[in-house]
Amino acid sequence: MIKKIKKFYLSIPKSRILTLIPMVILFFAFSCKHSSSVEKGIKKEKEKSGLTYIKTTIENGSSLNWELANDSTVNIHLNYDYERNSLNRAYDHWHFLLEAKKGTDLTLVFHNFSEIYNGEKMPFNTWIMDCITSPDDRKWEHVPVEWIEGERMKVKIHMESDSLYIARVDPYRVSDLQNLVSNIEENELVKITPIGNTVEGRKLQIIQVGGDKAPHRIFIRARVHAWEPGGNWVVEGIIKKLLDNSRESKKYLENYTVYILPMANMDGVARGISRFNLNGMDLNRNLTAPADSILAPENAAMEKWLEAMIEKGMKPDLAIDFHNDSNGPLFFSTAGKEKKGYVENMDVLEGLLREHTWFSEHTSFFGTTSFEEGLMARYDIDALVYELNAHWIKGLNKKPLSDDWILLGGELCNVFDLYFKETK
Ligand SMILES: [Zn+2]
C-alpha cells in the first residue's frame with residue numbers, strides 16, 4: 001500500500017504538487033469551518049431554549065430520558081417498569097428537577113403513555129393524568145395538561161426561578177418517613193419494631209401507636225406500590241392526630257392501638273420506581289400463599305410479624321392496605337363473604353367513612369390474590385384495600401394534594417373508634 005502511494009506521489013509532476021497543496025489546505029479549512037458552524041448552530045439553539053439540565057438523581061427521582069427538540073420544546077421519555085418478565089406502565093411515576101433560566105417558557109412533551117399492564121396493552125384514558133410543580137419539592141400545585149396525538153402529554157412551564165420540581169403525585173420520600181420516625185420515636189405512646197429488610201437491605205419497621213393492652217388492634221400497610229404516596233400522607237395524618245394529646249386522641253387510644261408498616265416498598269420509593277420491588281415482584285399479589293423470602297422479603301417480613309402477633313394472642317381486628325388509583329374505591333375480600341360478620345362489618349366501616357370523612361367513592365369485592373384476600377383467607381383478619389384516587393377527590397371536589405390525605409388520616413382516627421364501638 002505504502003509502495004503504491006509512493007509510486008503515485010512520484011508520478012505527479014513537481015510543478016503540479018505546488019498547485020495541489022493550497023487546494024488540500026482549502027478543503028480541510030472549509031470542512032472544519034462547516035462542522036464548527038453546525039456545532040455552533042446547535043449550541044446557539046440550545047442556549048436559546050434557556051434549559052440547562054433535567055436532574056433525575058434527586059431523592060425519589062424517576063428514571064427517564066430527555067432531549068431538547070427545538071428552542072423551547074423538551075421531549076421527556078418515561079421508562080417502562082417490569083413485573084418480572086412482563087412490561088408495565090411507564091407513566092405511573094415521574095419526579096424530576098427542571099433547571100432553566102428564570103423567565104424561560106418551555107413546553108414539556110411526555111412520551112410513553114401506552115397503557116401496558118402486566119404485559120397486556122389496553123385503551124388509555126387521558127383524563128387520569130395530572131402534573132404538579134413545586135419550587136421547593138414540598139409545596140405543590142397542579143398545572144394544566146394537554147393531550148396530543150400519539151399518546152403524548154404536553155405541559156407548558158414558565159420558569160419563575162432557575163429551577164422547578166415536576167411530579168405526577170405529591171411525593172413522599174424515604175427521608176420524610178425517617179423524619180417522622182425520629183420525631184415520634186421518643187414518645188411514650190410509640191413503639192418502633194424492626195421486622196426485616198427489603199431486597200436492598202433497607203430496614204422495615206412497624207410503628208405502633210398505643211399500648212399493648214388496648215381492646216382492639218388495627219394493622220395498616222402503605223406504599224406497597226412505589227408511585228402511590230397517598231397512603232404515606234394518610235399515615236402522617238393518623239399519627240399526628242393520635243399523638244396530639246387531645247381529649248379525643250386519648251379516648252381513641254383507650255379503644256384501639258394502630259400498627260403501621262408505612263413504606264412496604266421502600267427500595268422502590270428510594271429508587272423512583274413505579275410499582276414493583278427490586279425483584280420485579282408485585283407486593284400486592286400472591287398474598288394468598290406464603291411469600292417467597294428471597295423474591296419478596298418485604299411480604300415475608302410482614303407475614304412473620306403478623307404470625308408472631310397471632311401467636312401472642314394479639315391478632316389485628318382490622319387491616320387496611322392503602323393505595324392510589326384513578327377511582328378511589330374500597331376493595332373488600334371475596335373470601336370474607338364466607339366469614340360470619342365480615343360483610344356486616346364492612347358495611348359499618350363504609351357508612352362511617354361516608355359520614356365522617358370525605359370518602360364518597362364506590363366499594364367492590366375484588367377477588368384477586370391481594371392483601372384483603374390473603375389476610376382474610378390465611379389469618380382470618382377483616383381486611384380491605386383502600387384506593388385513594390390520585391386525580392380527583394369527589395367528596396372535596398378537587399384534585400388531591402398531601403394536605404387532603406393528611407386530613408383524611410386525622411378523620412380516620414374517629415372512624416376507627418366508632419367502628420369498634422359499632423361492630424363485634
Ligand atoms: Zn397500588
Side-chain angles (χ1 to χ4, degrees), residues 60 62 78 80-84 86-95 115-120 122 125 128-130 167-174 177 198 204 219-235 260-288 291 296 298-299 302 319-334 359 361-375 383-393 400 402 404-405 408-409:
N60 184 239
S62 54
L78 304 168
Y80 286 90
D81 199 359
Y82 287 87
E83 182 185 14
R84 302 300 284 167
S86 165
L87 202 61
N88 228 276
R89 290 171 188 154
Y91 68 74
D92 274 338
H93 177 63
W94 65 79
H95 183 198
E115 174 66 324
I116 303 173
Y117 192 65
N118 296 353
E120 263 180 63
M122 290 178 274
N125 293 320
I128 66 169
M129 211 44 61
D130 286 307
R168 183 183 174 211
V169 191
D170 206 328
Y172 187 98
R173 309 149 201 77
V174 173
L177 176 61
T198 63
L204 294 166
F219 171 47
I220 289 169
R221 185 174 78 152
R223 208 64 180 278
V224 164
H225 296 139
W227 78 269
E228 303 168 16
N232 278 128
W233 295 114
V234 169
V235 163
I260 305 168
L261 175 56
M263 196 178 274
N265 190 355
M266 200 182 279
D267 292 346
V269 177
R271 286 177 169 268
I273 290 171
S274 282
R275 188 174 169 89
F276 308 110
N277 83 348
L278 289 203
N279 285 325
M281 295 294 286
D282 188 335
L283 298 177
N284 197 30
R285 291 293 183 277
N286 306 314
L287 275 88
T288 44
E298 298 86 355
N299 280 1
M302 176 187 75
I320 307 177
D321 193 21
F322 282 99
H323 290 255
N324 277 122
D325 79 346
S326 307
N327 295 299
L330 305 178
F331 285 121
F332 299 137
S333 163
T334 305
F359 172 77
E361 285 82 2
H362 66 284
T363 62
S364 173
F365 287 85
F366 195 34
T368 64
T369 56
S370 48
F371 180 88
E372 76 285 19
E373 299 297 348
L375 267 65
L384 66 144
V385 164
Y386 189 158
E387 297 275 3
L388 303 154
N389 188 332
H391 314 290
W392 189 252
I393 297 181
S402 54
D404 305 311
W405 289 322
L408 177 70

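When a ligand or atom number is given, it counts from 1 through the structure's own listing order. Please read these numbers as outputs of a predicted model, since none were measured by experiment. Excluded from the calculations below are hydrogen atoms, water molecules and symmetry mates; all remaining heavy atoms, backbone and side chain alike, are included.
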### Task
Name the orientation class of the two ring planes belonging to Y386 and F359 (parallel below 30°, tilted from 30 to 60°, perpendicular beyond 60°).
perpendicular
### Query
Under 3.5 Å, is there a donor-acceptor pair between the side chain of W233 and the main chain of D170?
yes
#### Entry: Expected output: side-chain H362 to main-chain N327 donor-acceptor under 3.5 Å
no
## Note on the structure
From the list N277, I273, N284, side chain to side chain contact (heavy atoms under 4.5 Å, CB included) with H225 holds only for N284
### Query
What's within reach of the Zn ion (ligand 1), meaning protein N/O/S atoms under 2.8 Å?
H225 ND1, E228 OE1, E228 OE2, H323 ND1
### R275 and its side-chain hydrogen bond (donor to acceptor under 3.5 Å, both in side chains) partner, picked from D282, D92, N265
D282
### With E83 via side chain to side chain donor-acceptor pair (under 3.5 Å) - residues at least two apart
N118
